[in-house]
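Protein chains get the first letters and strands the later ones, always in sequence-line order, with residue 1 at the start of each. On a predicted model such as this, the values are computed, not experimentally measured, just so you know.
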Amino acid sequence: MSEEKEVKVKKLSDKQLEKLAAKYSGPRYKTSFSDKMISVITYVVYIFFAFVCLYPFYYIFINTISNNDLSNQGKIIFLPQEIHFENYKRVFQIDGLFHAFEVSLARTIVGTALTVIIAAFLGYMFTRNTLWKRKLWYRFIVATMYFNAGIIPWYLTMLNLGMQNNFWAYIFPMIVNPFYIVLCKTFVEGVPKELQEAAEIDGAGTLRIFWYIITPVIKPILATIAIFAAVNQWNAFQDTLLLVTDTKLHTLQYVLYNYINAANSIKAISSTSSSASVADSLAHVATATSVRMTVTIFVVTPIILVYPFFQKYFTKGIMIGAVKG
Amino acid sequence: MGKQKKEIDILTASAKRKKRKGKIEFLYILPFVLLVAVFSYYPLYGWIYAFYDYRPPYALSQVPFVGLKWFRTMIENEEKVKDILRVIRNTFAMSGISMLFSWFPMIFAVFLNEIKCRPFKKFVQTVTTLPNFISWVLVYSIAFSVLSTTGAVNSFLSSVITDYVPKDFLSSSEHVWFTQWLWLTWKNAGWAAIMYIAAITGIDESLTEAARIDGASRMQIIRHITLPSILPTYFVLVMLNLANFLSNGMEQYYVFQNSFNREYIEVLDLYVYNLKNMNGYSLSTAISILKTVISITLLGLTNKISKLIRGEGFI
């Protein structure tokens with residue numbers, strides 16, 4: 001809190017200084033011709049970068065709401081034409097798509113909640129000097145950051161553990177994350193020790209201190225971790241690819257990957273075509289392209305919706321990570 | 001005498017209490033230690049498959065123990081040697097190109113910082129960071145939409161150039177390494193730049209102010225103040241890249257691979273996965289063992305280099 005305030009005060013005075021400087025000493029920069037050229041080039045280049053990052057999303061979106069026939073011929077490039085929303089109505093009827101959405105949502109919620117709680121709890125426990133063999137367990141967990149058994153040994157051992165076609169295969173391997181634990185530990189170490197000691201004198205136990213003293217103080221870092229964990233869960237693809245054959249457990253990412261293969265999109269169309277009326281013009285009939293693009297928008301929307309809202313948290317997070325690493 | 005004994009008793013009692021408390025606290029973290037043991041350490045036990053001739057329907061006890069056969073295959077079997085050399089070439093090419101252009105996010109951040117219009121700066125930062133948060137499957141879907149024969153790029157080119165023949169960019173065996181680097185950069189550069197932006201924000205204002213008063217131009221300030229201040233950050237990231245030289249991850253290359261580009265896109269991480277479909281479980285495990293050993297060695301080496309140059313490591 002106090003940190004934010006300080007920054008605000010500084011900004012204000014900076015602005016005032018700028019104004020004063022402008023008033024008394026003319027332009028701030030010695031603007032030579034080359035400096036101006038740099039400005040112009042910089043703007044042009046960054047407009048290009050922004051365009052390259054943004055346009056594909058826009059392109060796919062306008063294609064999903066345009067005349068499907070034109071879209072299929074590649075005629076929709078900059079503006080939508082003959083806007084309609086049949087594609088979205090139809091996509092919701094595709095067998096299994098909504099179910100895949102539920103699976104993705106479930107793993108994101110359960111996985112994120114557990115990841116955050118475990119990171120906070122272990123981060124806190126590893127700051128406690130009383131903990132039996134603290135250093136050993138800490139190293140035991142952190143060491144896993146630096147090695148990886150390999151994809152096939154991992155796959156074979158997961159089969160031994162009964163993780164094939166098991167929802168918990170999405171959760172268990174991901175919830176104890178050493179990097180998040182290190183982040184939390186660093187953060188907890190910054191909390192004044194007196195706070196804990198006072199609570200201990202008042203008779204609070206380890207768990208009570210964690211829940212009532214530590215968690216409220218480290219909320220900012222927990223928010224950051226929650227975002228990273230949620231994005232990881234939502235985007236995860238490899239675990240489904242390796243361990244899941246049961247369509248009931250397919251995630252949105254996996255279903256989308258299947259639709260990129262045209263054959264599967266066409267199958268999806270036929271599963272919905274019975275509900276489409278005969279009078280449907282070519283403009284609204286689903287094509288492999290329309291299904292693929294609409295599902296893409298469907299999968300990317302949750303990320304785009306939460307993204308601006310959480311931006312300030314992840315910027316903070318990477319800075320903490322940078323200081324540490 | 002009695003008083004002293006009493007004090008010692010109290011001390012040992014409190015020490016005992018502390019010890020018991022520590023053990024109880026250990027019980028709290030035990031479930032998570034077990035989770036790590038099962039899901040991160042137990043897979044190392046899977047390395048045992050490298051020493052058997054493992055075929056899926058059978059259990060490990062039903063297949064023959066073959067010792068170092070698979071390690072020998074890697075250097076003796078002509079076909080496998082060719083495959084492995086090709087895969088290593090691809091891995092080196094992809095990682096090498098990434099290393100070669102690793103300055104890009106840094107320069108991106110430096111010039112972004114030169115933009116004085118705050119809303120525009122914020123906008124660029126927001127938009128270029130977004131791709132980092134979407135999955136590789138989505139990136140592929142986007143690439144497919146934009147680059148297919150009826151996609152945006154072909155449509156645009158054919159509307160500009162007469163007699164343009166649409167090209168299926170994704171089913172091409174040309175420039176695979178470079179285009180994969182482009183997609184990686186599209187996804188990651190904005191995000192990687194954030195670290196540098198944070199480092200630039202940390203530069204002492206009075207330094208740049210003094211330079212300005214002395215009449216330094218923008219380029220001079222960038223060259224003599226901004227860049228030297230963020231080079232340590234760059235150095236650490238290069239060292240980390242070097243440590244991960246063999247690990248490109250498989251997801252990107254898995255979603256982009258097809259029969260046209262496989263020759264060039266198959267990196268080590270993808271190859272060990274693809275071996276699964278050819279019943280090469282044991283060989284794949286053997287390769288993974290070697291890869292892990294080399295990676296850990298690389299990590300130790302780069303950490304040592306970092307210690308020598310910066311005075312501190314990153315582990």
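In this structure, the side chain of A:Tyr59 does not engage the main chain of B:Ile142 through any donor-acceptor pair within 3.5 Å. Side chain of B:Trp186 to backbone of A:Val52: a donor-acceptor contact under 3.5 angstrom is found.
In this structure, the portions of B:Leu138 lying under 4.5 Å from any heavy atom of chain A include both its backbone and its side chain. Looking at B:Tyr254, the atoms closer than 4.5 Å to chain A (heavy atoms on both sides) sit in the backbone and in the side chain alike. For chain A, no part of B:Lys291 is nearby; none of its heavy atoms comes within less than 4.5 Å. Residue contact with chain A, scored on non-hydrogen atoms closer than 4.5 Å, involves the side chain of B:Phe120 exclusively.
Side chains of A:Gln253 and B:Ser135: a donor-acceptor N/O pair is present below 3.5 angstrom, by distance only.
Chain B forms the most heavy-atom pairs under 4.5 Å with one residue out of A:Ile175, A:Ile76, A:Asn129, A:Leu207, and that residue is A:Leu207. Residue with the most contacts toward chain A among B:Thr233, B:Ile287, B:Thr285: B:Thr285 (heavy-atom pairs, distance under 4.5 Å). Interface summary for chain B: among A:Tyr254, A:Tyr55, A:Phe57, the most heavy-atom pairs under 4.5 angstrom belong to A:Phe57.
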>> Set out, in order, the CA-CA distance, both residues' side-chain angles and the distance that settles side chain to side chain contact (heavy atoms under 4.5 Å, CB included) for B:Phe133 and A:Tyr307, then state yes or no.
In response: CA-CA 8 Å; B:Phe133 289 89; A:Tyr307 171 73; 3.8 Å; yes
> After noting the C-alpha distance and the side-chain angles of B:Tyr273 and A:Leu242, does the key distance pass the side chain to side chain contact (heavy atoms under 4.5 Å, CB included) rule?
Replying inline: CA-CA 9 Å; B:Tyr273 171 77; A:Leu242 278 162; 3.6 Å; yes
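Aromatic ring centroids of A:Phe172 and B:Tyr42 lie 6.0 Å or more apart. Taking the six-membered ring where the residue is Trp, the centroids of A:Phe147 and B:Tyr41 are separated by under 6.0 Å.
Below 30°, between 30° and 60°, or above 60°: for B:Phe108 and A:Tyr46 the angle between ring planes is above 60°, a perpendicular geometry. Ring-plane geometry between B:Trp191 and A:Phe228 is classed as perpendicular, the angle between the planes exceeding 60 degrees on a 0 to 90 degree scale with a lower cut at 30.
For B:Tyr54, the ring pair (Phe, Tyr, Trp, His ring centres under 6.0 Å) partners at least two apart in sequence or on another chain are B:Tyr49, B:Tyr281.
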